[in-house]
Structure formats: C-alpha cells, structure tokens
There are 2 protein chains.
Amino acid sequence: MVMTQATQHLVKHGIRPSMQRIAIMKYLMEHRTHPTVDTIYSDLHHSMPTLSRTTVYNTLQVLAQNHAVTTLSIDGHATRYDGITQPHAHFMCRHCGRIIDLPLENLPAMPRNGLKVEQVEINFTGRCDLCNQ
Amino acid sequence: MVMTQATQHLVKHGIRPSMQRIAIMKYLMEHRTHPTVDTIYSDLHHSMPTLSRTTVYNTLQVLAQNHAVTTLSIDGHATRYDGITQPHAHFMCRHCGRIIDLPLENLPAMPRNGLKVEQVEINFTGRCDLCNQ
DNA sequence: TGTAATTTTGTAACGATTACAGATTTTGGT
DNA sequence: ACCAAAATCTGTAATCGTTACAAAATTACA
C-alpha cells in the first residue's frame with residue numbers, strides 16, 4: 001500500500017491520517033501561500049462538499065500541536081498556516097498581502113538564561129518588490 | 001508650561017495631545033507589561049470614568065500608525081502594545097503569560113533585495129525562568 | 001458483528017475589533 | 001470673548017475569527 005507524502009508526514013508526527021487531515025496536510029504542502037482557515041476551507045470545499053469549517057479549525061490545531069505545521073501570526077487578523085516546519089522567517093507585504101518565505105541565515109541571539117524557548121517567529125512587514133515599483 | 005514625558009512623546013510623533021491620548025501614552029510608558037486594550041481600559045477607567053473602550057482602540061491605532069508605540073501579535077488572542085519603540089525582541093511564557101523584553105544584539109539577516117522592510121517583530125515562546133523551576 | 005473510541009459536523013456562543021452616528025471638545029478666525 | 005468648522009470622543013451595534021458543544025458518522029478492535 002502506497003502512502004502519499006501528506007499521509008507519511010502525518011504518521012511521522014503521530015497523527016492518524018483521516019481523509020480530512022490528509023486533504024488539509026496535502027493542501028498545505030502544495031500551496032506555499034500561508035493560507036488562512038477560510039482559504040483552506042473554501043478551496044477544499046469544492047472537492048470535499050461535506051467538509052466542515054470546524055474540522056479545518058480542529059485539524060489545524062492538531063497538526064500544529066504535533067508540529068506537523070507551523071502557525072503564523074504575522075497577519076493580525078487571522079492565523080496563517082505553513083506546511084514547512086524548518087525554521088525560516090516571513091515577510092508580509094502591507095500592500096498586496098503576499099507572504100514571502102525568507103531563509104534564516106543566522107538565528108537571532110538566544111534569549112537570556114533560564115528561558116526555555118519552544119518556538120521562534122520572525123516577521124518582517126513592509127512593501128514587496130512587485131508593489132514597490 | 002511644562003510638558004509631561006508622555007505629552008512630549010506624542011508631540012514628537014505629530015499627535016495632538018488630548019487628555020485621553022496622554023493618559024494612554026503615559027500608561028504605556030509606566031507599565032512595561034505589554035498590556036492589551038482591555039487591561040489598559042480597565043486600569044484607566046478608575047481614574048477616568050468617562051473613558052470609552054472605543055477611544056482606547058482608536059487612540060492605540062493612532063499611536064501605532066505614528067510610531068509612538070509598537071504592536072505585538074505574540075499573544076494570538078489580543079493585540080498587545082509596547083511603549084518602547086526601540087527595536088527589541090519578546091519572549092512570552094506559555095505558562096504564566098508573562099512577556100519579557102529581550103535585547104536584540106544582532107538583527108537577523110536582512111530580507112532579500114527589493115523588499116522594503118518597515119517593521120520587524122521577533123517573538124519567542126516557551127517557558128519562563130520562574131515557571132520552569 | 002458489535003461496541004467503544006475517535007473523528008467529523010453544524011450550530012450556537014464568545015471575544016476582540018471595527019463601523020457608525022451623535023455628542024463633546026478644541027481650534028482658529030473675527 | 002464668540003462662533004463656525006474641524007477634530008476627537010463616546011456608546012451601541014455589527015462583524016469576524018475562533019471555540020464550545022452535542023449529535024452524527026466513522027473507525028478500531030475484541
């Protein structure tokens with residue numbers, strides 16, 4: 001039996017691969033747009049008419065808790081999700097809303113002693129190259 | 001006529017110093033707790049019974065737009081505000097909710113060419129020294 | 001196959017934030 | 001000082017993202 005990449009990814013993170021979870025994980029692996037719950041729901045709803053918005057919320061919570069996806073609070077309005085879990089920074093264009101992945105060459109200085117860091121989020125905001133012309 | 005620090009700060013950023021604006025700016029300068037709108041409102045409401053929650057929202061928006069304060073989306077639930085505008089990072093304890101200022105020794109690698117960065121937000125999340133024992 | 005556990009679904013509720021319109025205050029010219 | 005215009009503040013209602021919850025559907029496994 002062949003496992004899709006999405007399914008493998010779920011299993012690797014100890015998440016049971018249901019239809020809905022696979023679909024959402026697959027979506028995040030194929031769309032590098034850092035979508036919101038609503039975008040994911042709207043896009044998947046076409047091919048999965050019975051999918052519930054609540055399921056998208058629940059699933060993403062499960063995925064994030066098990067580190068299968070990353071959450072992004074760069075938006076201010078809605079949480080965004082990232083299928084890539086390797087540490088990297090983000091740039092969001094105030095004008096067009098696009099979110100761009102940025103490599104993290106040198107991680108910022110470690111916090112002071114005693115703090116146990118579990119997550120780092122580095123967000124740049126401004127105007128992107130396309131809007132800047 | 002003597003100007004308070006808060007008033008000076010407002011004027012310096014081109015913001016007309018009304019009673020409410022001064023009170024909110026003063027609050028943020030004196031409380032280094034990165035409070036939410038609700039905390040600010042509740043605390044100020046005692047000494048300013050006529051203050052409206054909407055005014056706190058509006059005022060903080062004006063202050064942020066004019067770079068007199070900084071916004072923090074580290075919380076996930078409510079926007080938090082910081083009276084210190086010099087660039088620095090933040091650590092939030094998942095356990096007690098405390099937010100700690102962190103000096104930014106070396107700014108993270110600049111984003112790729114063409115992106116015009118207007119704001120940087122660096123958020124660490126984890127367990128603080130007090131909760132870690 | 002039957003039952004318990006898990007997952008999904010839809011609706012209702014919640015909390016943060018914004019829209020809006022009227023009231024109040026401030027400003028600037030006379 | 002007086003008045004009109006502009007700016008600010010206020011309170012309520014609406015909006016929007018998210019969570020609570022309970023019932024329905026699916027899956028696991030004895």
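- As a whole-Å value, the separation of I74(B) CD1 from dA16(C) P is 17 Å.
- The nucleotide whose nearest atom lies closest to any side-chain atom of R16(A) is, among dT7(C), dT9(C), dT10(D), dT7(C).
- Listed by first then second residue, pairs satisfying side-chain hydrogen bond (donor to acceptor under 3.5 Å, both in side chains) with a partner in residues 24-40 of chain A read K26(A)-E30(A), Y27(A)-D43(A), R32(A)-D82(A), R32(A)-D101(A), H34(A)-D82(A), H34(A)-H90(A), H34(A)-D101(A), T36(A)-T39(A), D38(A)-R53(A), not counting sequence neighbours.
- Between the side chain of T59(A) and the backbone N or O of T55(A) there is at least one donor-acceptor pair closer than 3.5 Å.
- Against DNA chain D, the stretch residues 18-33 of chain B makes heavy-atom approaches under 4.0 Å through S18(B), Q20(B), R21(B).
- Interatomic distance, L72(A) CG to S73(B) OG, rounded to the nearest 0.5 Å: 10.0 Å.
- Under the side-chain contact (heavy atoms from CB on, under 4.5 Å) criterion, Q119(B) pairs with R94(A), T125(A), T71(B), sequence neighbours left out.
- Atom CG of N58(B) is separated from atom C1' of dA23(C) by 15 Å (rounded to the nearest Å).
- The distance between atom CG of L72(B) and atom C1' of dA16(C), rounded to the nearest whole Å, is 16 Å.
- One interatomic measurement links the two molecules: CG of L63(B) to C1' of dC9(D), which rounds to 14 Å at whole-angstrom precision.
- Rounding to whole angstrom units, CG of residue L10(A) and C1' of dT6(C) are separated by 15 Å.
- The side chain to side chain donor-acceptor pair (under 3.5 Å) check on T7(B) picks up T4(B), with sequence neighbours excluded.
- As a whole-Å value, the separation of L51(A) CG from dG10(C) C1' is 12 Å.
- H67(B) places no side-chain N or O within 3.5 Å of a backbone atom of T85(B) that could act as its donor or acceptor partner.
- Ionic pairing of K116(B) and D129(A) is not present here: no N-O contact between side-chain nitrogen and carboxylate oxygen is shorter than 4.0 angstrom.
- Following rounding to the nearest Å, D75(A) (CG) and dA16(C) (P) show an atom-to-atom distance of 18 Å.
- If you measure from atom OH of Y41(B) to atom P of dA16(C), you get 14 Å, rounded to the nearest angstrom.
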Polar pairs (N or O, both sides) under 3.5 Å between protein and nucleotides 17-20 of chain D?
| from | atom 1 | to | atom 2 | distance (Å) |
| --- | --- | --- | --- | --- |
| dT18(D) | OP1 | T79(A) | N | 2.9 |
| dT18(D) | OP1 | T79(A) | OG1 | 2.9 |
| dT18(D) | OP2 | Y57(A) | OH | 3.1 |

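- Under a 3.5 Å cut-off, the side chain of D75(B) and the backbone N or O of H77(B) do form a donor-acceptor pair.
- Residues forming a side-chain contact (heavy atoms from CB on, under 4.5 Å) with S18(A) (at least two apart in sequence, or on another chain): Q20(A), R21(A).
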